[in-house]
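Comments concern the structure below.
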Amino acid sequence: MATLQLNNIVKDFAGTQVIKGVDLEVKDREFVVFVGPSGCGKSTLLRMIAGLESVSSGDILIDGQRMNEVGPAERGLAMVFQSYALYPHMTVEDNMGFSLRLAGVDKEQRRQKVLEAARILQLENLLERKPKALSGGQRQRVAIGRAIVRNPSIFLFDEPLSNLDAALRVQMRIELARLHEELDATMIYVTHDQIEAMTMADKIVVLQGGIVEQVGSPMELYHHPRNRFVAGFIGSPKMNFIDVEVRDARGEGILVRLPGGGESRIPVDGSGCQAGDIATLGIRPEHLILDDNGPLTGEIVVIERLGGVTSLYVQCFGEEWILVTDGEVSHRVRDSVRFGFAPTRAHLFAEDGLALPHLERHPLVSVERKENRAAIS
Amino acid sequence: MTPAKRWLPFTLKIALLTLLLLWTLVPILWMVLSSFKPNSIITANTPRLLFTPTLEHYATLFSGGNSLWPYLTNSLLIAGTSTLIAVVLGCMAGFGLSRIRIKGKQHLAFWIISTRMAPIAAVIVPLYLLFRYLYLLDTHIGLIVAYLSFNLPFAIWLMTAFFDDLPPDLEEAAMIDGATKFQAFRLVVLPLMTPGLVTTAILCFIFAWNDYAFAQTFSGPGTQTIPIAAAQLLTQTGIDWGKLLAIGTIVVCPMAIAGLLVKRWLVKGLTLGAVK
């Protein structure tokens, strides 16, 4: 297993900079997820790590060794592609054993290793089949199996679940997380799906426009987003944002004026703010509470009932707010509702988009994914 | 839809297909059939379908002083070699052209195929002069080069389209699996290119095999191909229909049989990329 270090990585494509100086450290056995919108450079970054794209400037170090000029074959990595990239003319067994065949491993030993990987992924009965005779999920497993057989120092996954249907995606997500535990390997995973990122990652790297917006644990990103982009990207439905006026920045937290005239003191560090400044208040839909005495009021325009929870789209002083509430609420469209929030759950962003740091860290931020999994099992 | 309305398009379709089949196949079948007829009934005013078949035309073609063997050998050698070179070079150039990331790639590809657009008549005289200076007239190499000048751009263009259709992920996966670029090409890309290679080879071979204009201009006594042999049967004193039809059959049949044998790949190749 291995560590990975990216030092000021830059990638130019015909004069356009698509990766603009990325620094990152991936620890041994860590599950790191690159997440971001389409075109943010996450796949390019992964391909640069794999050796499939050249590095314009900066250094890629694997286990402390500079890898910029080393070919993909010699980096000792394995990659699972979005398209699976199984060799269509080879059987599952030949697909999985291809890297060993290239390495000159004899047939018997090759078969042994393939069988071992097939057992982990429950592919034993499919070894004689060609990829076209497999379902999407099975192809995905074969692609992962091919990576396992190679016994790589780092596993790379390029949006491996995006071609699967929703149910299978959930199943494969759990299997991948389990696989990480079982193999105890360093894994780097690219996705645009923040749920995949939140559920699997030890560490999430949020990218936008070729730069790293934030690196942190899933809970850190959720509870302490560094800026407005991360706050909006992590969490579903998206965080509500509203411009508010700072009334008082002295003392504990910042007192802001809410739409409709109410006031709320948000417990964030206000040392850079002063009264009269305009800031952006961010509150996640699940942190808004229906409350007859709440400071905000509006009219419901759309209701989405998902059974367990209900999303209410509320028009409130010219802005649309989303509230995620209990599935049992009996409100109807055009009903008027009052709602509020706990100030500790609110976020405040300065005019440059950076978040004002909370005075207290959320207790779950320090809980690692492995502890979560242990608690479940 | 009433039954009549449902049947009408179907009947029309069958009728059109039958007409098309007759249009295409009757001349070929007639040629093949007539090549087995004795001379006396080939040109009879009332065409005859029932007759005692004879191999006399084929026997005379392959015997005597002006046997067809040398022509057949020349055709196979020239068409085969030019096809082989066109496919090998076209495959490598097509792969490079498909995968390379350079500015103006489309223009380069278009420039290559545009050399195929000139009519044969336009290049015959310059090529003739060139070949005369290089002592390539009446040589196998001369004809191979002449066919390559048309087949190579075509092969490059066709193979580029085939490679464009093959996701680069596959060779990248192979390289991550430990393959060199050439190993990835040989072990992963090439086996998947069989439909493309077969299609390109057949189309190139047909061009060289059927050509008359280049062969007539550049060949000499030692390098004449089958179409030239056929043309020699059209003399001022008359046409030897029996032998002509037999040669026609010999020219058409290998291509038709080869086409049928590789039909699976040919259809796959010609429709590659047409549907997702």
Side-chain angles (χ1 to χ4, degrees), chain A residues 12-15 43 46-47 49-54 70-90 94-105 130-132 139 142-160 163, chain B residues 91 95-109 159 161-200 262 264-269 271-276:
Chain A
D12 278 313
F13 273 128
S43 283
L46 192 80
R47 290 171 58 82
I49 296 168
L52 297 172
E53 296 285 352
S54 59
V70 177
E74 288 82 41
R75 294 194 185 194
L77 313 171
M79 182 159 163
V80 177
F81 291 77
Q82 184 176 6
S83 62
Y84 317 137
L86 299 179
Y87 313 126
H89 56 301
M90 295 183 197
D94 290 342
N95 260 283
M96 289 169 69
F98 188 64
S99 60
L100 300 177
R101 184 180 141 198
L102 289 170
V105 175
K130 292 261 178 81
K132 70 174 173 194
R139 283 180 203 183
V142 175
I144 295 168
R146 191 169 64 181
I148 292 176
V149 167
R150 192 159 154 68
N151 194 20
S153 55
I154 301 175
F155 283 84
L156 307 175
F157 296 91
D158 189 4
E159 306 210 25
N163 287 341
Chain B
C91 183
F95 185 62
L97 210 55
S98 167
R99 293 297 187 257
I100 200 167
R101 271 186 266 173
I102 48 162
K103 264 189 180 170
K105 192 166 94 168
Q106 272 81 10
H107 301 300
L108 183 64
M159 289 310 298
F162 281 119
F163 284 120
D164 280 347
D165 238 56
L166 192 75
D169 282 6
L170 289 174
E171 66 237 36
E172 287 177 353
M175 288 202 295
I176 287 185
D177 267 345
T180 59
K181 230 171 192 160
F182 184 70
Q183 276 178 318
F185 179 75
R186 190 169 59 85
L187 299 172
V188 174
V189 176
L190 220 48
L192 296 172
M193 273 293 122
T194 315
L197 290 170
V198 169
T199 309
T200 310
V262 297
R264 187 165 60 100
W265 285 323
L266 200 61
V267 171
K268 213 167 155 186
T271 56
L272 196 75
V275 283
K276 276 280 164 201

*asked:* To check you understand the geometry: which heavy-atom pair defines the closest contact between B/Leu192 and A/His89, and what is its length?
replied: CD2-ND1, 3.4 Å
*Let me know if A/Arg75 has heavy atoms under 4.5 Å from chain B in its side chain, its backbone, both or neither.*
neither
*asked:* Rounded at 0.5 Å granularity, tell me how far CZ in A/Arg47 sits from CD in B/Glu172.
replied: 4.0 Å
_A/Tyr84 versus chain B, the contacting section by heavy-atom distance below 4.5 Å_ = neither
*Heavy-atom distances under 4.5 Å only: say whether A/Leu156 touches chain B with side chain, backbone, both or neither.*
neither
*Judged by atom type as modelled, is there a donor-acceptor pair below 3.5 Å linking the side chain of A/Tyr87 to the main-chain atoms of B/Leu187?*
no
*Can you measure from CZ (A/Phe81) to CG (B/Leu170) and round to the nearest 0.5 angstrom?*
8.5 Å
_Looking only at heavy atoms and a cut-off of under 4.5 Å, which of A/Ala73, A/Ala143, A/Ser83, A/Gly76 has the most pairs with chain B?_
A/Ala73
*Checking A/Arg150 side chain against B/Ile176 main chain: does a donor-acceptor pair fall under 3.5 Å?*
yes
*Heavy-atom count around B/Lys105 NZ within 6.0 Å, excluding the residue itself: above 12?*
yes
_Value rounded to 0.5 Å, distance of CD in B/Glu171 from CG in A/Leu52_ = 10.0 Å
*First locate atom CE of A/Met96, then atom CG of B/Asp177, and finally report the distance between them rounded to the nearest 0.5 Å.*
11.5 Å
